[in-house]
There are 2 protein chains.
Amino acid sequence: MSDTAISEQDQTVRPGLRERKKRLLQEAIEQAALKLFLQRGYEQTSIQDIAEAVMISPRTFFRYFPSKEEVLLGPTRAVVRAGLERLRTLPLPEAQSESEAAYAALRAVMLYIAHLYQQQRRGFLLRYQIARQVPSVAAFYLYALLEAETAFCDLLQERTGEAYERSRLRLLVATHVAALRVALERWLDEGAEGDLQALVKSYLEALH
Amino acid sequence: MSDTAISEQDQTVRPGLRERKKRLLQEAIEQAALKLFLQRGYEQTSIQDIAEAVMISPRTFFRYFPSKEEVLLGPTRAVVRAGLERLRTLPLPEAQSESEAAYAALRAVMLYIAHLYQQQRRGFLLRYQIARQVPSVAAFYLYALLEAETAFCDLLQERTGEAYERSRLRLLVATHVAALRVALERWLDEGAEGDLQALVKSYLEALH
DNA sequence: CATTATAATGTCACTAACTGACAAAAGTCA
DNA sequence: TGACTTTTGTCAGTTAGTGACATTATAATG
């Protein structure tokens, strides 16, 4: 084994001091931001406030997060990305027809996302309280969902071929995402104490 | 007839110089903004540029429009508002059950909005080109749709009573709006030359 | 360990979207 | 014309976000 081979092997185990500090700082910024948002409100908290709380310059904040919205909704977008990844890697469920397969895959991914939300209910509940009150945050979130929609669409078309024509597929995805969104809204409105997956399931079934 | 009665009567006929100038200026700002957006791009156009084009101070711009997004998407939001107004004023269609009535009303409003879009296809086509490329504009638009969703919901619940439980109604509205949005997207992508109403109709039917 | 390369950070300067306060100008009406 | 109200411009300020560059910390190498 050569030295390079060893260091490459260790790469996953030892991310290096630099990497570790970066992750730590990112986490710290996120936590400090959330704390401040809850204490004084989102709009009453400036980037400078957050930067001071973790003792970095405002410039450095923007090297970790592109915007104030992102520092709040990063985890939310991560969940959506995870759903996308799931759709990319998971095998298509066995189904009668190709279109059935697309439908089943989409459903599975929505439930998977619901599952992820449920695992971090506390954090998402806090974020939701803010998104409800601040238009720019809500708008940011909706845009993330739109991006996800087109990505889901591309991926599904890639994997199921011509089972659906593009525009029908778009509608299918849009309604599924809408169902997820509405279910999520209700779940969070009720304190995130119910069974989100069951809720999503029932909403998806109500689509027909 | 008293003097006040006369002036009140004339109010609709003679809006007064002040009012007329205001409307004119608002129109001028909107047109100048759209022109500049198309010429140099949305993000390359500053409020100051727009203000200079119509020879007002930037401060005055903000007395007419709360944001850059609004000056572009004002008409779009107006169409949605018109749909809301329609739902508020139009009698509920005759239907077997109350839930059927809610469904029919929602469908009628979506088609009405489609009709309004079609009447100004040129303007909306231009706006859409921009919204596609600029995240902040797209996000703003989606937020407007979200607001509309809750408003539709409130109104429908008011008018159809307990035909649907709140959350089911929310889902119904969300899917209808999603269908409208996707249909609109496709129509605009194809140059706004097709029959949007027919498209919306087919998408709404595909919901089942 | 010393040195060199590389990546992260801070500082500075800048643009641009807004907002409040107040005075000047224009429209309204008697 | 003159008093009253609305609109506008000016000014000063806050905040988000970005590019450039010097400084510092980490990493890699002899």
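Remember, predicted model here, so these are calculated numbers, not experimental data. For the numbers below, each heavy atom of this structure counts, side chains included, while hydrogens, waters and symmetry mates do not. Lettering of chains follows the sequences in order, A, B, ..., and the numbering in each one begins at 1.
With respect to B:Asp154 and B:Arg166, a salt bridge is recorded, a charged nitrogen being found less than 4.0 Å from a carboxylate O. At a threshold of 4.0 Å, the pair A:Glu70-A:Arg77 counts as salt-bridged, since one of the basic side-chain nitrogens sits closer than that to a carboxylate oxygen. Using a cutoff of 4.0 Å between basic side-chain nitrogens and carboxylate oxygens, B:Glu185 and B:Arg132 are not scored as salt-bridged. Between A:Glu27 and A:Lys22 there is no salt bridge, since no side-chain nitrogen of the basic residue lies less than 4.0 Å from a carboxylate oxygen of the acidic one. Ion pairing between B:Glu205 and B:Lys201 fails under the 4.0 Å rule for side-chain N and carboxylate O. Using a 4.0 Å cut-off between charged side-chain N and carboxylate O, A:Glu190 and A:Arg186 make a salt bridge. Under 4.0 Å is where a charged nitrogen must lie from a carboxylate oxygen, and between B:Glu30 and B:Lys35 no such pair does.
Counting to the nearest Å, the P atom of C:dA26 and the CG atom of B:Leu25 are 15 Å from each other. Rounded to a whole Å, the CZ atom of B:Phe61 is 8 Å from the P atom of C:dC18. Taking atom NZ on B:Lys68 and atom C1' on D:dA16, their separation rounds to 14 Å, with Å as the unit. Atom pair B:Phe62:CZ and D:dT10:C1' shows a separation of 15 Å (rounding to whole Å applied). In this structure, A:Lys22 atom NZ and C:dA7 atom C1' are separated by 8 Å, rounded to whole Å.
One distance of note links CZ of B:Arg59 with CD1 of B:Ile47; it measures 12.0 Å at 0.5 Å rounding. In this structure, the separation between OG on B:Ser136 and OH on B:Tyr141 is 15.5 Å, given to the nearest 0.5 Å. One finds the CG atom of B:Leu204 at 6.0 Å from the OH atom of B:Tyr103 (value rounded to the nearest 0.5 Å).
B:Tyr64 has a side-chain polar atom (N or O) that falls below the 4.0 Å cut-off from OP1 or OP2 of D:dT8. For D:dT7, neither phosphate oxygen OP1 nor OP2 lies less than 4.0 angstrom from any side-chain nitrogen or oxygen of B:Lys21. Between A:Thr60 and the phosphate of C:dT9, there is no side-chain N or O to OP1/OP2 separation shorter than 4.0 Å.
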Are there any protein N/O atoms within less than 3.5 Å of an N/O atom in nucleotides 20-23 of chain C, and if so, which ones and at what distance?
from   : atom 1 : to      : atom 2 : distance (Å)
C:dG20 : N7     : B:Arg59 : NE     : 3.4
C:dG20 : N7     : B:Arg59 : NH2    : 3.1
C:dG20 : O6     : B:Arg59 : NE     : 3.0

Using a cutoff of under 3.5 Å, can you pull out all pairs of nitrogen or oxygen atoms linking the protein to nucleotides 28-30 of chain D, with atom names and distances?
none

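Of the residues in residues 32-56 of chain B, those placing a heavy atom less than 4.0 Å from an atom of DNA chain D are B:Met55, B:Ile56, in numerical order. Contacts between residues 126-141 of chain B and DNA chain C, counted as heavy-atom distances below 4.0 Å, involve no residue at all.
In this structure, A:Phe37 and A:Tyr42 have tilted ring planes: the angle between them lies in the 30° to 60° band.
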- Message: Checking A:Arg170 against A:Glu149 for the salt bridge (charged side-chain N to carboxylate O under 4.0 Å, His left out) test, could you report, in this order, the C-alpha distance in whole Å, the side-chain angles of both residues, the deciding distance, and whether it holds?
- Response: CA-CA 8 Å; A:Arg170 195 89 183 67; A:Glu149 265 184 31; 3.1 Å; yes
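Nearest to the side-chain atoms of A:Arg18 among the listed nucleotides C:dA7, C:dT28, D:dG17 stands C:dA7.
By the side chain to side chain contact (heavy atoms under 4.5 Å, CB included) test, A:Arg159 is found to be paired with A:Leu92, residues two or more places apart in sequence or in another chain being considered. Partners of A:Glu43 by side chain to side chain contact (heavy atoms under 4.5 Å, CB included), not counting sequence neighbours, listed by chain and number: A:Val134.
Between B:Pro58 and B:Glu19, the residue anchored closer to the 5' end of DNA chain C is B:Pro58, taking for each the nucleotide with the nearest heavy atom.
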